[in-house]
Amino acid sequence: MATRINTRFLTRHALALCVYLLLCLIPMGISLLPPTPTSRGFWVELGVALGLVGVGMLGVQFVLTARFSSISRSLGHDAMLRFHRIVGTTAAVCVLAHPLVLIAAEPRYAGFFDPRTNLPRAVALSAVTVAIIAIIFLSFWRRRLTMSYEWWRLTHALLAGFIMLVALAHIFQVDHYSDPIHKKIAFIIVTAVPLALLAHIRLLRPWLNRKRPWRVDAVEEEIPRTWSVTLSPRDHPGFSFRPGQFAWVTFADTPMVLRQHPFTIASSAERPEHIRFSIKHLGDFTGSIGGIPVGSTAYLEGPAGNFIPPPETPGVVFLAGGIGITPALSIIRTAIDRDDQRRIHLFYATETLEKAAFRDELARAAETINLSVTHVPEKPPEGWTGPSGFINADTIREHLPPEAIEQHTFMICGPAPMMDAVESALLNLGVSRTRIRAERFDMV
Amino acid sequence: MKHLRNHTLIELTALIASVLLVIAAVAFAMLRA
């Protein structure tokens with residue numbers, strides 16, 4: 001059984017990788033379409049090939065981040081972002097290597113950057129070089145530079161769009177591989193599709209979403225610095241979702257604003273008319289959640305993500321850290337509404353027991369459905385007899401029956417170090433990777 | 001392989017994809033040279 005699942009898992013991922021590679025190779029493929037121009041030697045062609053591969057990879061980046069529900073569901077949003085980050089860096093390195101290899105092979109190519117030869121070309125190529133360095137630098141050091149997520153997201157999109165446009169202009173200007181007209185048309189399509197996706201995500205989709213406002217029904221403080229916000233659709237049916245999914249939320253009178261953040265839906269999937277998010281003050285815009293007026297407007301985009309218990313699983317073991325409890329809440333609240341009596345075991349790690357939000361609700365839920373809750377406070381109160389410190393393999397082994405370790409689905413959500421430690425502990429316990437699901441929001 | 005975390009696996013996949021694409025660029029240059 002395990003072998004069959006692993007084979008299916010690997011086959012699916014290998015197929016996805018092949019599709020990705022083929023898409024990235026499209027610009028190179030167009031270049032090889034007949035008629036092919038005369039060769040300019042290995043090193044010059046290598047420099048050109050790196051540029052073409054880089055542009056192909058950059059183009060596919062727009063597809064990856066276009067919030068296609070199929071990609072989000074199959075890969076998971078955090079995995080997609082992780083992939084996007086690494087291949088994006090490689091793409092940037094390839095594009096930057098393009099002029100370096102060319103100049104090293106034939107120094108006359110340095111003239112492309114000479115404003116005395118061709119001012120617009122020199123300005124465009126210099127600007128795109130700076131843009132590529134900036135896009136990578138800002139992506140890795142945004143937090144250190146205290147740049148807000150909203151401004152980074154806008155800058156990232158503008159720089160990416162600019163790079164694609166200059167790449168197209170550069171291909172046409174050099175005109176070595178873009179002649180005759182059918183190749184030019186193919187290159188225009190290759191550039192237009194990513195730019196259209198960008199416009200769709202950043203402009204068209206929010207604009208269409210303006211007719212689907214939501215009302216803020218309640219803003220409640222659960223524990224200090226953690227707020228629950230309940231929204232209901234205004235004159236539209238809202239959307240259905242699966243427990244564990246998230247939505248992008250904009251708290252504003254219009255969806256055409258920069259501020260849009262992903263939050264896990266914490267409410268029951270059986271009650272889509274009242275969608276609830278629980279949000280912790282993390283020192284950024286989340287600090288303003290408590291001040292959102294009841295009756296104000298919000299916009300949702302979603303649902304998205306694949307942090308969902310598989311329907312066929314005999315039980316779920318949820319390992320949550322801090323505000324990572326929200327997907328577990330949705331799963332538990334949905335199980336109550338559906339009278340789903342499949343086994344759910346929740347390990348809930350918090351700094352102290354007082355910081356375990358929804359403690360009373362979880363205790364009540366344990367009396368209604370087949371749920372057991374194991375609190376793991378890092379600093380336990382005096383007289384505490386339960387597990388404490390960090391969740392590790394021993395904590396999991398001591399509180400789970402062997403059949404849960406052998407058969408159940410393990411879902412992890414919390415701070416990154418906790419997730420890494422728990423995932424390693426599960427693998428060491430012999431839990432198959434295909435039964436481990438994790439959702440990380442530290443990427444955004 | 002068994003003890004690779006899921007996010008490590010996705011990072012590994014991204015690195016493999018990157019290496020394959022660079023190899024494709026070299027192949028293109030050899031073909032065109």
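Note on naming: letters A, B, ... go to the chains in the order of the sequence lines (proteins, then strands), and numbering restarts at 1 for each one.
Each of Arg437(A), Glu45(A), Arg40(A) has some count of heavy-atom pairs under 4.5 Å with chain B, and the biggest count is that of Glu45(A).
Only the backbone of Thr38(A) comes within contact range of chain B, with heavy atoms under 4.5 Å apart. Contact of Leu426(A) with chain B is not made at all, since no heavy-atom distance falls under 4.5 Å. Both the backbone and the side chain of Val87(A) come within less than 4.5 Å of a heavy atom in chain B. Of the two parts of Leu15(B), the backbone and the side chain both hold a non-hydrogen atom closer than 4.5 Å to a non-hydrogen atom of chain A. Contacts between Ala438(A) and chain B at a heavy-atom distance below 4.5 Å are absent for every atom of the residue.
Remark: Met30(B) CE to Leu46(A) CG distance equals 10.5 Å, nearest 0.5 Å. Separation of atoms CD1 (Ile86(A)) and OG1 (Thr13(B)) is listed at 9.0 Å; rounding is to 0.5 Å. Note that CD of Glu423(A) is 7.0 Å distant from OG1 of Thr8(B), once rounded to the nearest 0.5 Å.
Closest non-hydrogen pair, Ser18(B) versus Met57(A), comes out as OG-CE, 4.3 Å. Minimum heavy-atom separation, Ala17(B) to Leu21(A): O-CD2, 3.7 Å. Scanning all heavy atoms of the two residues, the minimum distance from Gly41(A) to Ala33(B) falls at C-CB, 4.2 Å.
Few gaps surround CZ on Phe42(A); more than 12 heavy atoms of other groups in view lie less than 6.0 Å from it.
Contact check for Met80(A) versus Ile10(B): no side-chain heavy atoms found under the 4.5 Å cut-off. Contact of the Tyr20(A) side chain with the Leu21(B) side chain is registered, since non-hydrogen atoms from C-beta on lie closer than 4.5 Å.
At least one donor-acceptor pair closer than 3.5 Å links the side chain of Ser39(A) to the backbone N or O of Arg32(B).
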